[in-house]
Amino acid sequence: MVKAILEEEELVQSIRRVDKKEEFLSALKEEQFDIVLTDYSLPVFHGLEAIHILKTKYPDLPVIMITGNLADEIAVDVMKKGAWDYVLKENIYRLVPAILNAVENLKIKKERQSALEGLKESETNYRLLAESSPYGIIVHANRSILYHNQVAMRIFKVPDKVKSLVGLKIEDYVHPDFREVLAERIDRLYKGEMLEKEYEIRFLDFEKKELFLEVASSPINYNGQPAAQVIIRDIEERKKMERDLILAKERAEASDRLKSSFLENLSHEIRTPLNGIIGFASLLKLKDLSHEDRDNYVKVIEDSGKHLLTIIDDLIEISRIESGQFELRSERFLLNEIMDDLYLFFNNADFYKNTNVILGLTKGLRDQESVVIGDKARLKQVLFNLLSNAFKFTREGRIDFGYRKPDEDGVLFFVRDSGIGIPEDSKDIIFERFRQVDNSSSREYGGNGLGLSICKGIVNAMHGKIWFDSKVDQGSDFYFRIKLNFLNTAVVSRKLNHSSGKLKYEWKGKNALIAEDESSNFILLKHILERTGIGITHVKSGVEVISKLETGDNFDIILMDIKMPELDGMETIKILRERNIQIPVIAQTAYAMTEDRDKCLKAGCNDYITKPIRSSELLGKMHTFLNNQG
Ligand code: ADP
């Protein structure tokens, strides 16, 4: 009957009939069915068992029970066990609608399932996308957060103990200044409006610190409700980079300006003494010059030359400091001797032509207590630079300098003047190289802006500190504090004679060998030495030095230029020392580098002198060796 109905209605393509459990199971295995119709009780099988098998193994296959007669409670049981429907044989007309209903329902169920699966997949994809995004992503609806990725947590500096932002109110994390603008935008988003591209908004992170974010948001539907998806990017770094870039650009421009103004100054600084040299040298050619004029002109030339030399020395010193090729020397000296030397030098009345200045010196220790080990020349240079500035910028009043009694923090040196002072806004720059309070080329005081940066470089290298106090029109107090290594005993004998150049040198009967390839240099040396009565032999290369000594000529001293053709000075000295020729050698070079000095001494020189040669220095050094020999 059932078969007839189904065929008549053309409801099914095929029908398979079974009445035993094994047949039922193998049929299910062999074929795919759309529906199972079963009797309640069969001779060797049972409808309820069939339902049970289907529910556990084929839950999607609908089953309808067709039965002759069913008590209500059994019907309920059948439905409970999982039948889709039951049809009484007497109401068999219900079979077709029941089957159609079951099939339709199955179809809907399958569709929903696949829709759900699709949804799940797209949600997983969305999350994957969101999690792998380098930007923070937040979805919010009704102004509270529904979803966010991990980057968003990082951007807002969410502490570890907070595991999720879901449920938090957006407004609480917006900078108060931006709340209004943002509220308006959020309203538009919830209404489905697209907003303009990206915009920048300040937020507050979990530490309540300001956060500069770039935001791009769009309206979306999230779980069926209108929501907003927000992509956020931390632009603090970018903003900082922009600021740095602007700063770097400004600095580069400033340094460019500085360099040109430095070159202008330098050119001015070099031209001034050069003018003196060239101008007065040509005056010297004039006939009928009085002795006095000639002496004056020569003095100008000498002074200008010395001035030029200090500029070059400064440049070399600063480049050495800046390139880090700067080594401090260790020698034993009397601190008070440096102070006295400086006092003598600066107290010279015509220095900077400011005769109205009184110079005072304070020494924190007695002479015999002031024995230290350190870099004497560098320490003196710092004080010299500070005193030069003090004299340069003080027309009248007092300049006091000196040092205080050392304590555990080291020695405090000071140079105090009553000069023009330094304006507040220049305080930070004057220790920078090439910087002056007034960088314009028409400055009235001269100088190249290197003095203080050299001071700072030296004091830093000595692990010390340099600073100053100043008031415009009242004066400046410069200080530096360094640690010095004091010796307890006065082992250094004090050389009170500061002007060894004025000694009378008498070396009649002694002989000097001068190795010098440049004739102008030789003429100068000859000129300096002539007055001493020393015998002079001139050679022009290292090779000649060696052959002269081999021929048995006897010399008391050798003055050796380092840069010579064939065999240079350094090699020559090495050869001499290897051959055990111990005549004192004073080397001369044009490079005022400490390393060269050390190289010379290592090669076997007894002393070293840099060009241009100052007669007092040369004679003083020769004196040491010639006198030792008696
Ligand atoms: P400069 O060779 O120009 O003197 P410095 O580096 O020694 O170079 O000094 C830099 C600038 O600092 C000076 O040009 C001057 O403007 C200011 N300065 C330094 N010392 C003093 C001082 N004692 N009184 C007033 N201004 C000073």
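Whatever order the structure lists ligands and atoms in, that order sets their numbers, starting from 1. Heads up: numbering here begins at 1 and tracks the sequence.
For ligand 1 and K392, the ligand atoms under 4.0 Å from any heavy atom of the residue are 1 (P), 2 (O), 4 (O). Using a 4.0 Å cut-off to heavy atoms of L450, the atoms of ligand 1 that qualify are 6 (O), 8 (O).
Between F346 and F384, the two ring planes are tilted [angle within 30° to 60°]. Below 30°, between 30° and 60°, or above 60°: for F413 and Y403 the angle between ring planes is between 30° and 60°, a tilted geometry.
Not one N or O of S453 is nearer than 3.5 Å to an N or O of ligand 1, by distance alone.
Not a single heavy atom of G419 lies less than 4.0 angstrom from ligand 1. For the pair N385 and ligand 1, no heavy-atom separation below 4.0 Å is found.
Side-chain atoms of N511 and D556 include no donor-acceptor pair closer than 3.5 Å. Residues E516 and H538 have side chains that never bring a donor and an acceptor to within less than 3.5 angstrom of each other.
Here atom 19 (C) of ligand 1 lies nearest to N389 when heavy atoms of L386, I318, I429, N389 are compared. Here atom 9 (O) of ligand 1 lies nearest to L452 when heavy atoms of L452, I399, V472, I454 are compared.
No more than 12 heavy atoms of other residues, nucleotides or ligands shown are found within 6.0 angstrom of NZ on K456.
At a heavy-atom distance under 4.0 Å, only side-chain atoms of F478, from C-beta outward, approach ligand 1.
Cation-pi contact between R404 and F414: present, with separation from the ring centre below 6.0 Å and deviation from the ring axis of at most 45°.
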